[in-house]
Amino acid sequence: MSALIFANPAILFGLIALPVIWWLLRLTPPRPKAEVFPPLRILATVLKREETPSKSPWWLTLLRMLLAAAVILAIADPVMNPRANSLNAGGPLVVVVDNGWATAADWERRVQTANLLIDDAESADVPVSITFTADAGHEAVPGTAAAARDKLTAASPKPLVPDRARAAQAVREAMNGARPGTLAILSDGMAAAGDNEAMSTLAALSPAEMRLIEGDGHSAVALTDAVNNAAAMSVTATRLSTASAQQMNVNALDAQGRALASGTLRFDAGAATATAEIASPFELRNDFARLNIDGLATAGAAHLLDDGFKRRRIALLAGESGSDFQPLLQPLYYISRALLPYADVIQPNTADLSVAIPQILQGNPSAIILADVGRLPSESYAPLQRWIAQGGTLIRFAGPRLAAAPADDPLVPVILRQGERALGGAMSWSEPQSLADFPGFGPFAGLPRAADITVTRQVLAEPTPDLAERTWASLADGTPLVTEKEVEAGRIVLFHTSAEATWSNLPLSGNFVEMLRRLVQLARAGGAASSGSGAEGTAATLAPYRLLTADGVLTTETGTARPIAIAANQVPVASFDHPPGLYGTEDGFTAVNLLAPKTVIARFDPTTAGRPLVREGLAGGEAVSLRPALFAAALAMLILDSLVVLFMNGAFSRVPTRRRAAGNAAAVIAALAFGLFAFVPSPSQAQEMPPGAGAKPGDEQILERLDTTHLAYVVTGERDVDSISEQGLEGLSQFLTYRTTLEPGAPVGLDITKDELAFYPIIYWPISATAPMPSQAAISRIDAYMRNGGTVLFDTRDQYSSLDGGGTTPNGERLQAILANIDIPPLEPTPADHVLTRSFYLLTNFPGRYTGSPLWVEARQEAKNTGAQLSSSGDGVTPLLITGNDFAGAWAVDSQGGPVLPTVPPDEMQREYAYRSGVNIMMYMLTGNYKADQVHVPALLERLGQ
């Protein structure tokens with residue numbers, strides 16, 4: 001049954017005054033009526049039968065009585081289902097708060113609940129101890145309510161599983177034998193390791209009262225595992241609340257947070273786990289960087305992915321194809337079936353290795369497996385060696401062909417003896433060998449040895465000092481079974497037995513599948529944990545790179561997180577020292593997720609405490625104040641009363657018929673705005689504010705520059721040079737308007753020492769040795785402009801002067817002096833396949849008034865390998881262009897549109913190509929990497945196999 005109390009019951013005595021208000025309202029006389037004096041008007045009104053009431057209508061009086069009653073009740077603050085203060089004052093209040101990942105969704109309600117408990121303790125004048133189970137450190141000594149409130153304000157959810165046992169131990173030590181009055185546990189509702197120990201420790205404190213406060217648990221849903229299968233990705237999730245069926249969407253995001261694909265989780269009623277399938281192409285799935293449950297912002301609803309999650313593309317080649325009627329004897333039969341669940345297997349459509357190997361390398365596979373391939377075509381060794389050096393993994397299996405191959409094969413990790421070794425049989429003294437234990441280093445570390453695996457034939461390696469270090473698996477007699485060799489960024493791995501069951505029964509065992517799976521995982525694109533060949537007993541130690549917050553957001557703040565040691569083929573587990581996130585560097589990292597695979601969320605069981613508990617819900621869902629609803633009702637009745645009074649006084653009847661509807665609307669709006677008049681400035685204040693008081697000088701010019709594209713040039717101070725620059729950019733602007741959809745405004749001359757440069761996509765700078773040398777501050781502004789994405793076209797206009805072979809011209813020397821103080825990237829003449837040559841027109845050179853000088857641009861590859869900070873990596877546009885062909889001289893037109901200067905040599909087609917060069921430069925400036933992508937569409941489609 002719902003209860004109702006009043007927070008201020010004394011206000012209810014105001015209801016006694018309602019009868020008096022009724023009497024006063026009923027006796028209120030109407031407003032005096034004004035009449036015009038003329039006798040005819042008086043005589044005309046004598047015959048009127050309309051009477052004015054002497055009292056207010058009963059229904060209007062009732063409305064006003066209800067309005068007054070609503071205000072009185074609202075001030076009294078009625079509360080439904082009020083919360084009673086039943087705190088036991090026999091000892092300190094002890095509050096144990098779960099602040100793990102599942103509390104992020106309703107953290108504010110948990111803070112509100114804890115604050116109410118602290119308020120009760122402050123009212124009862126008892127100390128407060130507050131502890132958070134997901135914090136690394138605890139300060140549980142009872143203190144003042146204000147101190148506890150400060151700790152609560154500073155607390156926040158953590159992306160971790162709570163450790164209640166450690167928190168309970170901290171509370172026991174802080175209490176030092178004192179008995180709590182009330183012990184409240186604000187639980188997230190989920191079971192965790194050490195709960196029995198925690199509840200036993202808290203029960204041993206013998207509190208006078210124990211409370212368990214929990215939420216509904218609907219947001220406690222977490223992703224626990226993701227498997228990249230052959231056709232789709234399988235995602236597993238678990239939840240806490242299993243009472244009803246539930247359906248949720250899982251989104252797969254890339255590194256930039258863009259959704260690439262999605263799947264649906266369907267929890268059946270009573271089921272704690274569910275699986276979603278995200279169907280997507282192989283290449284797109286390899287771009288997945290994380291998974292998120294739609295609508296949930298918690299660390300559990302996010303699952304991070306690293307390079308180990310990606311499916312590899314594995315190419316298979318065999319020395320012979322075998323017989324289709326005997327598939328079990330085919331060299332690639334067992335390999336393909338072992339790898340299909342974990343990788344995308346491709347095989348060439350031809351047996352000619354000279355054709356098959358180039359085809360395979362074009363697909364850029366992660367690994368290539370050669371089954372009993374002895375001799376390769378001579379032209380295939382070089383491309384294979386380059387592919388391995390760039391990070392590829394070559395896995396080879398022995399066989400009769402490899403045993404007969406020359407010993408100087410560069411694609412084997414060790415030097416092999418000629419021929420094969422037979423174990424067992426009528427002509428052999430030795431017995432078939434079993435596997436030895438796998439060494440503690442390498443990818444097979446920790447893999448259990450199968451006692452039933454025997455090897456009857458193998459190829460032997462010549463003894464070398466480093467043979468033991470290169471052996472990842474060996475036989476019981478110590479001879480190598482699997483050896484490897486690192487070649488720059490890649491590696492070569494050799495199985496000294498065959499890929500089918502003629503030399504051993506290894507391909508028939510489960511160890512064969514696991515060994516291949518682990519080798520395939522080594523073929524990473526550069527993961528931090530890709531090397532599994534460290535010293536024995538060591539593991540890769542990775543520093544925190546990006547960490548996951550409780551809201552499921554990756555952040556660069558690492559806090560107190562420590563580097564994590566991740567052994568090969570082990571799944572790391574999040575902890576207080578290693579919270580969930582990415583560990584490693586930008587070049588390669590490993591994902592540490594919140595929950596281990598196959599984790600199932602279970603209910604927290606507090607009955608192990610052996611003491612009675614009072615169960616409660618979080619604050620905010622029980623007690624409901626009726627004050628807002630009563631104030632809203634009072635405001636509505638006040639508006640209705642105002643409209644009625646206006647109507648009764650004839651305010652609406654005096655409005656012309658055709659304007660009456662507008663008047664009614666205005667009256668309603670005025671009534672609604674009745675309470676907001678204080679926020680409106682007075683007419684005198686409005687008149688004191690001058691027109692355009694908020695505007696600043698130059699704003700109109702800035703808006704005009706932003707609204708229209710303008711071509712800009714640097715004012716050198718020499719009248720003839722600046723005049724040609726202005727006329728040249730005017731001519732190019734007219735050509736752009738006539739030939740393209742771009743309609744530039746008038747050219748703008750810039751004083752680079754003080755004018756804003758960011759408004760212009762490109763600045764034309766004619767170099768003149770006789771002009772004043774720009775100051776260092778001006779050069780620094782140009783440097784900053786280019787760093788922020790702008791481009792400067794330096795034109796030395798000296799191509800004709802340099803034809804005499806006299807070396808560097810004065811203008812060239814001036815340009816060198818200017819660029820000496822700018823961190824420019826490496827430059828190169830515009831390549832034939834550069835975007836500039838085809839951004840609008842197809843061009844082979846870039847003439848101006850002169851021809852022959854190259855147009856220098858940023859070098860595309862070399863610039864990436866230097867330390868120059870000024871580069872075009874932002875939008876693919878070079879930050880500077882250099883020419884000596886005098887572009888402005890070729891573009892310059894007079895007021896009639898005719899050319900100002902002749903070309904050298906005189907040729908109107910040269911001027912046409914100069915204009916086209918200007919168009920290509922402007923299209924390149926304004927479109928950036930969009931044009932680059934358009935130019936390279938054929939290459940992109942070919943790369944994607946379209």
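Below, all heavy atoms of this structure are taken into account, side chains as well, without hydrogens, waters or symmetry copies.
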Give a yes or no on whether the backbone of W503 and the side-chain of T456 come within a donor-acceptor separation of less than 3.5 Å.
-> yes
For the student: nearest non-hydrogen atoms of A461 and P480, plus distance = CB-CG, 4.5 Å
Shortest non-hydrogen separation from L223 to A237 and the atoms involved | CD2-CB, 3.8 Å
Does a side chain donor of either D477 or T479 reach within less than 3.5 Å of an acceptor in the other side chain?
-> yes
Which distance, rounded to the nearest 0.5 Å, do you find between the OG1 of T275 and the CG of L265?
-> 7.5 Å
When you look at CD of E469, are more than 12 heavy atoms from neighbouring residues, nucleotides or ligands closer to it than 6.0 Å?
-> no
Pairing of R396 and D409 as salt bridge, 4.0 angstrom limit | yes
Mind checking whether N593 and P580 have side chains closer than 4.5 Å, heavy atoms only?
-> no
Would you find more than 12 non-hydrogen atoms of other residues, nucleotides or ligands less than 6.0 Å from I415 atom CD1?
-> no
Less than 4.5 Å apart, any side-chain heavy atom of T224 and any of P597?
-> no
Keeping the roles fixed (side chain from D225, backbone from T236), state whether a donor-acceptor pair exists under 3.5 Å.
-> no
Check whether any side-chain heavy atom of T541 sits under 4.5 Å from a side-chain heavy atom of Y583, and report yes or no.
-> no
Taking it one step at a time, do V345 and L332 satisfy side-chain contact (heavy atoms from CB on, under 4.5 Å)?
-> CA-CA 11 Å; V345 178; L332 301 177; over 6 Å; no
R421, CZ: over 12 other non-hydrogen atoms inside 6.0 angstrom = yes
Taking the side chain as C-beta and beyond, is there a heavy-atom pair between P331 and F397 under 4.5 Å?
-> no
Minimal heavy-atom distance between V600 and T238, with the atoms involved, is CA-OG1, 3.6 Å
Are the side chain of H496 and the backbone N or O of V459 linked by a donor-acceptor pair below 3.5 Å?
-> yes
Any Lys/Arg nitrogen of R449 or D437 sitting under 4.0 Å from an Asp/Glu carboxylate oxygen of the other?
-> yes
For F512 and A499 the tightest heavy-atom approach is CZ-O, 4.5 Å
Which distance, rounded to the nearest 0.5 Å, do you find between the CG of L481 and the OG1 of T471?
-> 9.5 Å
Evaluation steps, side-chain contact (heavy atoms from CB on, under 4.5 Å), between I388 and L411 | CA-CA 10 Å; I388 295 172; L411 297 181; 4.0 Å; yes
Under 3.5 Å side-chain donor-acceptor pair for E557 and T555 | no
Pair D306 + R290, salt bridge at N-O below 4.0 Å = no
Can you measure from CG (D254) to CG (L284) and round to the nearest 0.5 angstrom?
-> 9.0 Å
So do the side chains of V373 and L402 get within less than 4.5 Å of each other, counting heavy atoms only?
-> no
Stepwise side-chain contact (heavy atoms from CB on, under 4.5 Å) test for V482 and M515 = CA-CA 10 Å; V482 181; M515 292 170 74; 4.0 Å; yes
Residues E484, R470: salt bridge by 4.0 Å N-O rule | no
Any chance you could measure S262, atom OG, to I293, atom CD1, to the nearest 0.5 Å?
-> 13.0 Å
Is a side-chain donor or acceptor of H578 paired with a backbone partner of A561 at a separation under 3.5 angstrom?
-> no
Within-4.5 Å side-chain heavy-atom neighbours: F589 and L542 | no
Any donor-acceptor N/O pair, E500 side chain to Y333 backbone, under 3.5 Å = no
For residues F438 and A473, report the shortest heavy-atom separation together with the two atoms involved.
-> CE2-CB, 3.7 Å
R417 side chain vs L460 backbone, donor-acceptor pair below 3.5 Å | no
Please step through side-chain contact (heavy atoms from CB on, under 4.5 Å) for the pair R457 and S504, ending with a clear verdict.
-> CA-CA 7 Å; R457 286 181 181 271; S504 72; over 6 Å; no
Any donor-acceptor N/O pair, R491 side chain to T393 backbone, under 3.5 Å | no
Does Q256 reach the main-chain N or O of R258 with its side chain, forming a donor-acceptor pair under 3.5 Å?
-> no
Heavy atoms, side chains only, cut-off 4.5 Å: are Y334 and L508 in contact?
-> yes
Flag for T464-D466: side-chain donor and acceptor within less than 3.5 Å | yes
Rounded to the nearest 0.5 Å, what's the gap from CZ on R401 to OG on S498? Could you check?
-> 12.5 Å
Taking every heavy atom of F288 against every heavy atom of A261, the minimum-distance pair comes out as CZ-CB, 4.0 Å
Parallel, tilted or perpendicular: which fits the ring planes of F495 and F444, with parallel below 30° and perpendicular above 60°?
-> tilted
Of L582, T556, T585, the residue whose pairing with Y545 passes side chain to side chain contact (heavy atoms under 4.5 Å, CB included) = L582
Contact check, side chains of V414 and V412, non-hydrogen atoms, under 4.5 Å | no
Nearest-0.5 Å distance, CD1 of residue I346 to CG of residue L316 | 8.0 Å
Got a sec: does the CD of E586 have more than 12 other heavy atoms crowding it under 6.0 Å?
-> no
